[in-house]
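Everything below concerns the one structure shown next.
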Amino acid sequence: MMDRLSFRLVVAALALGVLMSTGAYAQQPLKIGLILPMTGPFASTGRQVTAAVKLYIAEHGDVVAGRKIEVLLRDDTNAPETTKRFAQELVTNDHAEILTGFGLTPLAFAAAPIATAAKVPMIVMSAGTLVIPEKSPYILRTSFTLPQQSAPIAAWATKHGINKVFTLVTDYAPGIDAETTFNNVFKANGGQIVGEARVPAQNPDYAPFIQRAKDAKPDALFVFVPSGEGAAVMKQFAERGLAKAGIKLIGPGDVTDDDILDSMGDAAIGTITSHFYSAAHPSAENKAYVAAIEKANPGMRPNFMSVGGWDGMELIYEVLKKTNGSTDGDKFIAAAKGLSWVSPRGKVTIDPRTRDIIQDVYMREVKRVSGHLYNVEFDQVASVAPDGK
Ligand code: DHB
């Protein structure tokens, strides 16, 4: 005869089995570790991404596939060792089942080994160096890559009378990606590079580099600087009279970042960039998005970092619907491959081969519209691969 205690244990085990098999275990909250620079020089990226994540949850509800979503926000202050420590603590102590955010490339690099060791899905919402998804089989990306954003402007330049270019990039991985891609495509189209500068990532002073660019007398200055730095470049471009000397400003759209574009003044007008997101993108989805972000955060205009956060949440929600709430690393990645949806930026697809994002890239010109500066789209390259090819 079974004693009372054993009987109780068997009942408990059976009950647990029923719970597990019906998926009711999934009633446990699903914790998402969101790691971003919320303070320091790249705080605008943290602010933009968290506003998008909050809006996504407010509009779609905080329960998906029977699981209550809980976001645990951590401020890494743009220090890679802090990103790594938070990623480790979130997974081990807080039992976070997904890691996301990653405002800059060194921060994404720092967290990748944790995702690999824990087999936890890691969704990169912001950083843009091409090789990031190769750093862990559990990485997916909803932001962009610099080769993807730099190839279209290189192809456009030679077709529009720009034959000599000086390149200026921030001296770290995404800057090198931008420079390399621009050089390759521009030269293949018959263009000539008349000088190049790599500006230190820490406390940059753009003045001497922009003076060197002016002295080289190019048709255009190609610039990549990370989000938040564009205004400082624009100030030097104006003060040193490059526009008056007939030099055009071109690049991927980081330099005319919507977060700060309107504060740059008339010096920014006429800047031509190729990029995946403009707050002025004229779709119904984007108009609703810009209005909703502004309503929830008075005075805020969403920038390209914002849509990386929005689409990161869309990816998480759509994958969870497919996996019935499971975050098992291998199942999650398999379910993400090939997913496609319409974002405020246009159509996006998770490339099944690279786990990276395929998206349309737009040609834009800075113009004043109803008194405010915007990147106004005038052409489009459809479905650009992560490597820009
Ligand atoms: C990265 C950061 C940025 O702010 C940006 O505009 C592009 C790339 C990065 O570190 O990957």
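Whatever order the structure lists them in is the order used to number ligands and atoms, beginning at 1. Residues take their numbers from the sequence shown, with the count starting at 1.
- When non-hydrogen atoms are compared, ligand 1 lies under 4.0 Å from the side chain of Tyr172 (C-beta onward) but not from its backbone.
- At least one heavy atom of Met305 sits closer than 4.0 Å to an atom of ligand 1.
- Atom CG of Asp254 sits about 9.0 Å away from atom OG1 of Thr170, to the nearest 0.5 Å.
- For Phe144, the closest heavy-atom approach to ligand 1 falls below 4.0 Å.
- Among the candidates Asp219, Asn189, Val185, Val165, the single residue satisfying the side-chain contact (heavy atoms from CB on, under 4.5 Å) test with Thr158 is Asn189.
- The contact set between ligand 1 and Ala127, taken as ligand atoms under 4.0 Å from a residue heavy atom, comprises 11 (O).
- The contact set between ligand 1 and Ser227, taken as ligand atoms under 4.0 Å from a residue heavy atom, comprises 3 (C), 4 (O), 5 (C), 6 (O).
- Proximity of Phe224 to ligand 1, defined as any heavy-atom pair under 4.0 Å, is confined to the side chain (atoms from C-beta onward).
- Remark: Lys119 NZ is loosely packed, at most 12 non-hydrogen atoms of other residues, nucleotides or ligands lying under 6.0 Å away.
- Those atoms of ligand 1 with a heavy atom of Thr105 less than 4.0 angstrom away are 9 (C), 10 (O), 11 (O).
- Relative to the ring axis of Phe109, Lys135 places its NZ or CZ within 45° and under 6.0 Å from the centre.
- Annotation: Phe42 places no N or O atom under 3.5 Å from an N or O atom of ligand 1; distance criterion only.
- You'll find the ring centres of Phe222 and Phe186 outside the 6.0 Å limit.
- Taking the six-membered ring where the residue is Trp, Tyr362 and His281 present tilted rings, their angle falling between 30° and 60°.
- Counting atoms of ligand 1 from 1 in the listed order, those under 4.0 Å from a heavy atom of Phe304 are 6 (O).
- The contact set between ligand 1 and Leu104, taken as ligand atoms under 4.0 Å from a residue heavy atom, comprises 9 (C), 10 (O).
- Geometric assessment of Arg47 against the ring of Phe42 yields a negative cation-pi assignment under the 6.0 Å and 45° thresholds.
- Residue contacts with ligand 1 for Asp254 involve side-chain atoms from C-beta outward but no N, CA, C or O (heavy atoms, distance under 4.0 Å).
- The backbone and the side chain of Pro226 each have at least one atom closer than 4.0 Å to an atom of ligand 1 (non-hydrogen atoms only).
- Using modelled atom types and a 3.5 Å distance limit, the side chains of Asn303 and Asp257 yield a donor-acceptor pair.
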